[in-house]
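Each remark here refers to the structure printed beneath this line.
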Amino acid sequence: MARLIAIIIAILILLFLFVFPPLYVGAAEKKFKTELETAYTAVMDDDWISAADAYESLYIDFHKKEKVFKLFFDHEDIDRALEAVGRAGVALTLEEKGDFISELSTFESIITYVTDIEHVSLHDVF
Amino acid sequence: MEGCVLLTLFIRTIILYLVIFTIMRLLGKRQLSDLQPFDLVLTIIIANLAQAPLTNTGVPLFYGLMPMLCVFLLEALAAFIARKSEKAHSFLCGRPSLVVNRGVIVEEELKNIRLTISDLLALLRGKGARSIGEVEYAIIETDGTLSVLFKSDKRPLTPADMNIAPQQEVYPRLLIDNGTVRLDELRRAGLDDNWLKKPLAQLGIIQAEDVFIALLDDSKTLYVQPKSGKMLSVSVSAPEN
């Protein structure tokens with residue numbers, strides 16, 4: 001009986017791990033990308049106020065989701081993303097367009113990477 | 001910050017310990033000597049999987065837990081298939097190897113299991129055989145242990161050798177198994193379920209459903225263990241077949 005219960009629990013945990021992280025990360029990635037796009041457009045138009053709003057929204061969203069991300073992804077990747085967002089904040093304060101876009105791109109590439117590793121591909125399996 | 005890392009490690013260790021402990025208990029192996037070679041490999045894999053999240057707090061705990069659960073499920077599946085199919089059992093657990101057959105060492109079998117003559121002799125000595133000449137059959141079991149049947153003139157003395165006729169032993173009959181009366185066993189013992197009611201009543205048990213196990217042995221003693229209680233016994237008169 002104990003063995004059967006353990007098997008059921010193990011199957012439920014595995015199902016959770018196969019279903020929840022991709023859904024959660026996929027939804028988060030979409031939101032981040034929308035906010036990033038707004039920030040890029042604003043800063044290219046030298047609209048620093050709109051860029052600050054978009055950055056603020058991104059910063060708050062990522063901090064909210066950071067803990068869940070760390071449950072499923074290498075903590076070092078998430079820490080690097082956090083650092084990039086932090087550096088983008090500094091560039092925003094200094095109104096350094098190049099640095100701001102560069103740091104947000106770093107953040108975007110990390111988020112894209114962790115989202116990609118949630119999708120099974122034959123290359124990754126082997 | 002350092003304290004946080006140590007606390008993280010401490011909590012992770014507790015979680016992984018509990019998971020590994022549960023998995024190993026559910027796999028049902030108590031001693032290393034009970035393990036089949038494949039089980040040993042699984043044990044080592046599980047230990048290695050636990051190692052990564054323990055030594056590196058940057059690795060999510062699920063990276064260790066997920067493969068461990070997967071290994072556990074695969075092992076449960078393999079055990080289920082092995083129980084259902086003799087062929088699958090042979091494939092998964094291996095089959096015993098007859099290395100000495102009628103006093104002759106089976107060279108082919110030794111080659112198959114990569115055992116040298118010296119290894120075989122050492123194993124035989126461990127079983128009390130001073131020379132190969134004393135052994136009629138030797139079998140390497142699937143868990144790697146050696147079973148030996150000695151030649152009739154080399155085996156320990158038995159009552160039959162002394163022309164002594166001890167009382168015939170009778171196979172103990174399992175009459176109730178977890179609340180279920182084994183009518184087939186009762187029939188083989190020349191009894192029926194009505195007969196069973198009397199000794200149970202003597203022990204204060206009204207229903208057979210309340211009995212975990214009831215065993216009738218050759219000394220005409222019925223051993224009864226209720227589902228909640230100690231083992232009881234009562235002498236009976238049973239016509240044994």
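If you're wondering where the values come from, they're calculated on a predicted model, not measured in any experiment. Chain letters run A, B, ... following the sequence lines, proteins first and then strands; every chain starts at 1.
No more than 12 heavy atoms of other residues, nucleotides or ligands sit less than 6.0 Å from atom CD1 of I49(A). Residue-environment remark: CE (M231(B)) exceeds the threshold of 12 foreign heavy atoms within 6.0 Å. By the 6.0 Å contact criterion, OH on Y59(A) is open, its count of non-hydrogen atoms from other residues, nucleotides or ligands being 12 or less. Heavy atoms of other residues, nucleotides or ligands lying less than 6.0 angstrom from CD1 of I206(B) number 12 at most.
Minimum heavy-atom separation, A10(A) to L69(B): CB-CD2, 4.0 Å.
With sequence neighbours left out, F32(A) forms a ring pair (Phe, Tyr, Trp, His ring centres under 6.0 Å) with F62(A), F107(A). Scanning for ring pair (Phe, Tyr, Trp, His ring centres under 6.0 Å) contacts around F16(A) gives F20(A), with sequence neighbours left out. With sequence neighbours excluded, the residues that form a salt bridge (Lys or Arg N to Asp or Glu O under 4.0 Å) with K97(A) are D46(A).
Looking at I13(A), the atoms closer than 4.5 Å to chain B (heavy atoms on both sides) all sit in the side chain, from C-beta outward. Both the backbone and the side chain of I11(A) have a heavy atom closer than 4.5 Å to some heavy atom of chain B. Neither the backbone nor the side chain of F69(A) has a heavy atom closer than 4.5 Å to any heavy atom of chain B.
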Under 3.5 Å, which donor-acceptor pairs link chain A to chain B? Give each pair on its own line with the distance.
from: R3(A); atom 1: NH1; to: L26(B); atom 2: O; distance (Å): 2.3
from: F72(A); atom 1: O; to: Y63(B); atom 2: OH; distance (Å): 2.9
from: H75(A); atom 1: N; to: G58(B); atom 2: O; distance (Å): 2.8
from: H75(A); atom 1: ND1; to: T57(B); atom 2: O; distance (Å): 3.3

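Per-residue counts of heavy-atom pairs under 4.5 Å with chain B were compared for I78(A), I9(A), L17(A); the largest is that of L17(A).
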